[in-house]
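What follows is a single structure, written as C-alpha coordinates, with notes after it.
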Amino acid sequence: MGFRCASCDGPDARLDARRRTVLCSRCERTGRTAGRDPVRLGEVLTAAGADLAFAALPDRDTPRRTSCRHCGATAEWHRTAAGRWMLLEPGTQPAESVPPGRRRHTAVDLRATAPSAVCRVGHADVCPARSAPPDTPALLALWRRNARQRV
(Lines give C-alpha, C1' and ligand atoms only; values in the text may rest on other atoms or scores of the structure.)
Protein backbone atom coordinates (compact mmCIF):
# COMPACT_ATOMS: atom_id res chain seq x y z
CA MET A 1 0.00 0.00 0.00
CA GLY A 2 2.97 2.29 0.27
CA PHE A 3 3.11 3.04 4.02
CA ARG A 4 6.45 3.99 5.59
CA CYS A 5 7.54 2.39 8.87
CA ALA A 6 7.07 4.72 11.83
CA SER A 7 10.24 3.33 13.45
CA CYS A 8 12.84 3.04 10.69
CA ASP A 9 11.05 4.88 7.87
CA GLY A 10 11.39 1.73 5.73
CA PRO A 11 8.94 0.86 2.93
CA ASP A 12 6.09 -1.65 2.93
CA ALA A 13 4.90 -1.09 6.48
CA ARG A 14 1.48 -2.12 7.76
CA LEU A 15 -0.70 -1.23 10.71
CA ASP A 16 0.24 -2.95 13.97
CA ALA A 17 -3.04 -2.62 15.87
CA ARG A 18 -1.56 -3.79 19.18
CA ARG A 19 1.09 -1.07 19.14
CA ARG A 20 -1.20 1.40 17.37
CA THR A 21 1.42 2.31 14.82
CA VAL A 22 2.63 1.46 11.32
CA LEU A 23 5.67 -0.86 11.27
CA CYS A 24 7.63 -2.84 8.69
CA SER A 25 7.99 -6.60 9.20
CA ARG A 26 11.57 -6.26 10.52
CA CYS A 27 10.64 -3.73 13.21
CA GLU A 28 7.53 -5.75 14.05
CA ARG A 29 9.63 -8.92 14.63
CA THR A 30 12.25 -7.17 16.74
CA GLY A 31 9.68 -5.29 18.79
CA ARG A 32 11.19 -1.96 17.81
CA THR A 33 8.79 0.91 18.25
CA ALA A 34 8.55 4.33 16.76
CA GLY A 35 10.68 7.11 18.07
CA ARG A 36 7.70 9.40 17.63
CA ASP A 37 4.05 9.41 18.67
CA PRO A 38 1.90 6.54 17.38
CA VAL A 39 0.12 7.11 14.10
CA ARG A 40 -3.60 7.44 14.56
CA LEU A 41 -5.78 5.01 12.66
CA GLY A 42 -7.71 7.89 11.07
CA GLU A 43 -4.47 9.23 9.59
CA VAL A 44 -3.55 5.82 8.19
CA LEU A 45 -6.98 5.34 6.63
CA THR A 46 -6.98 8.85 5.17
CA ALA A 47 -3.57 8.26 3.64
CA ALA A 48 -4.63 4.86 2.32
CA GLY A 49 -7.86 6.19 0.82
CA ALA A 50 -6.11 7.25 -2.37
CA ASP A 51 -4.55 3.80 -2.79
CA LEU A 52 -7.70 1.78 -2.22
CA ALA A 53 -10.02 0.96 -5.09
CA PHE A 54 -13.58 0.08 -4.17
CA ALA A 55 -15.71 -1.90 -6.59
CA ALA A 56 -18.99 -0.21 -7.35
CA LEU A 57 -21.70 -2.46 -5.98
CA PRO A 58 -25.12 -2.30 -7.56
CA ASP A 59 -28.13 -1.08 -5.67
CA ARG A 60 -30.01 -3.63 -3.53
CA ASP A 61 -32.96 -3.59 -5.93
CA THR A 62 -30.77 -3.90 -9.03
CA PRO A 63 -29.63 -7.48 -9.67
CA ARG A 64 -26.24 -8.19 -11.19
CA ARG A 65 -26.34 -11.00 -13.75
CA THR A 66 -23.56 -13.57 -13.68
CA SER A 67 -22.97 -17.27 -14.15
CA CYS A 68 -22.37 -19.77 -11.36
CA ARG A 69 -18.69 -20.66 -11.01
CA HIS A 70 -19.62 -24.27 -10.21
CA CYS A 71 -22.10 -25.09 -12.96
CA GLY A 72 -22.06 -22.16 -15.41
CA ALA A 73 -25.82 -21.52 -15.18
CA THR A 74 -27.14 -17.97 -15.36
CA ALA A 75 -27.94 -16.43 -11.97
CA GLU A 76 -28.31 -13.00 -10.35
CA TRP A 77 -26.60 -11.47 -7.33
CA HIS A 78 -28.98 -9.72 -4.92
CA ARG A 79 -28.10 -7.96 -1.70
CA THR A 80 -29.97 -9.12 1.40
CA ALA A 81 -31.41 -6.80 4.03
CA ALA A 82 -28.33 -7.58 6.14
CA GLY A 83 -26.07 -6.34 3.32
CA ARG A 84 -24.79 -9.79 2.26
CA TRP A 85 -24.90 -10.97 -1.34
CA MET A 86 -26.95 -14.00 -2.39
CA LEU A 87 -27.02 -15.78 -5.74
CA LEU A 88 -30.62 -16.20 -6.95
CA GLU A 89 -32.22 -17.86 -9.93
CA PRO A 90 -33.51 -15.44 -12.58
CA GLY A 91 -37.27 -14.93 -12.58
CA THR A 92 -39.92 -15.68 -10.01
CA GLN A 93 -41.75 -18.85 -8.98
CA PRO A 94 -45.24 -19.31 -7.53
CA ALA A 95 -44.72 -19.26 -3.76
CA GLU A 96 -46.94 -22.29 -3.17
CA SER A 97 -44.66 -24.44 -5.39
CA VAL A 98 -41.51 -23.65 -3.37
CA PRO A 99 -41.00 -25.11 0.13
CA PRO A 100 -41.25 -22.44 2.86
CA GLY A 101 -37.58 -22.63 3.90
CA ARG A 102 -36.40 -22.04 0.35
CA ARG A 103 -38.47 -18.99 -0.61
CA ARG A 104 -36.56 -15.75 -1.14
CA HIS A 105 -38.32 -12.41 -1.37
CA THR A 106 -36.34 -9.53 -2.86
CA ALA A 107 -38.84 -6.78 -2.04
CA VAL A 108 -41.25 -6.65 0.86
CA ASP A 109 -44.39 -4.52 0.97
CA LEU A 110 -44.95 -3.82 4.65
CA ARG A 111 -48.52 -2.65 3.97
CA ALA A 112 -49.56 -5.97 2.44
CA THR A 113 -51.63 -8.18 4.70
CA ALA A 114 -51.04 -11.41 2.79
CA PRO A 115 -47.65 -12.79 1.76
CA SER A 116 -46.60 -12.36 -1.84
CA ALA A 117 -47.86 -14.94 -4.33
CA VAL A 118 -44.41 -15.17 -5.97
CA CYS A 119 -40.91 -15.70 -4.63
CA ARG A 120 -37.33 -16.22 -5.80
CA VAL A 121 -35.23 -19.36 -5.42
CA GLY A 122 -31.63 -19.37 -4.23
CA HIS A 123 -29.28 -20.77 -6.87
CA ALA A 124 -27.61 -23.06 -4.33
CA ASP A 125 -30.93 -24.92 -3.99
CA VAL A 126 -31.02 -25.78 -7.72
CA CYS A 127 -27.33 -25.82 -8.72
CA PRO A 128 -26.63 -28.93 -10.82
CA ALA A 129 -23.13 -29.15 -9.28
CA ARG A 130 -25.01 -30.39 -6.20
CA SER A 131 -27.38 -33.31 -5.91
CA ALA A 132 -30.93 -32.95 -7.24
CA PRO A 133 -33.43 -31.39 -4.82
CA PRO A 134 -35.94 -34.01 -3.66
CA ASP A 135 -38.41 -31.44 -2.25
CA THR A 136 -40.66 -30.34 -5.05
CA PRO A 137 -41.21 -30.69 -8.78
CA ALA A 138 -40.65 -26.93 -9.27
CA LEU A 139 -37.14 -27.04 -7.77
CA LEU A 140 -36.34 -30.22 -9.68
CA ALA A 141 -37.44 -28.55 -12.94
CA LEU A 142 -35.10 -25.60 -12.25
CA TRP A 143 -32.28 -28.01 -11.39
CA ARG A 144 -32.81 -29.87 -14.70
CA ARG A 145 -32.90 -26.61 -16.68
CA ASN A 146 -29.59 -25.56 -15.12
CA ALA A 147 -28.12 -29.00 -15.79
CA ARG A 148 -28.88 -28.55 -19.51
CA GLN A 149 -27.10 -25.15 -19.45
CA ARG A 150 -24.07 -26.63 -17.69
CA VAL A 151 -20.78 -25.98 -19.40
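A donor-acceptor pair under 3.5 Å is formed between the side chain of N146 and the backbone N or O of V126.
Heavy atoms only, all atoms of each residue included: A124 and R130 are closest at O-CD, 3.4 Å. Listed here is the closest heavy atom pair of A13 and C24: CB-N, 3.7 Å. Nearest heavy atom pair, residue R102 against residue L139, reads CD-CD1, 3.6 Å. In terms of heavy-atom proximity, L88 sits nearest to R104 at CD2-CG, 3.8 Å.
Evaluation of the side chain to side chain contact (heavy atoms under 4.5 Å, CB included) rule for A132 yields L140, W143 as partners, not counting sequence neighbours.
Side-chain atoms of L142 and H123, non-hydrogen and from C-beta on, never get closer than 4.5 Å to each other.
Separation of atoms SG (C71) and CZ (R69) is listed at 11.5 Å; rounding is to 0.5 Å. If you take CZ on R64 and CH2 on W85, they are separated by 5.5 Å, rounding to the nearest 0.5 Å.
Just one of R120, M86, E89 meets the side chain to side chain contact (heavy atoms under 4.5 Å, CB included) condition when paired with E76; it is R120.
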Pair up each side-chain donor or acceptor in residues 90-101 with any protein partner under 3.5 Å, not counting sequence neighbours, and list the distances.
residue : atom : partner : partner atom : Å
S97     : OG   : P94     : O            : 2.7

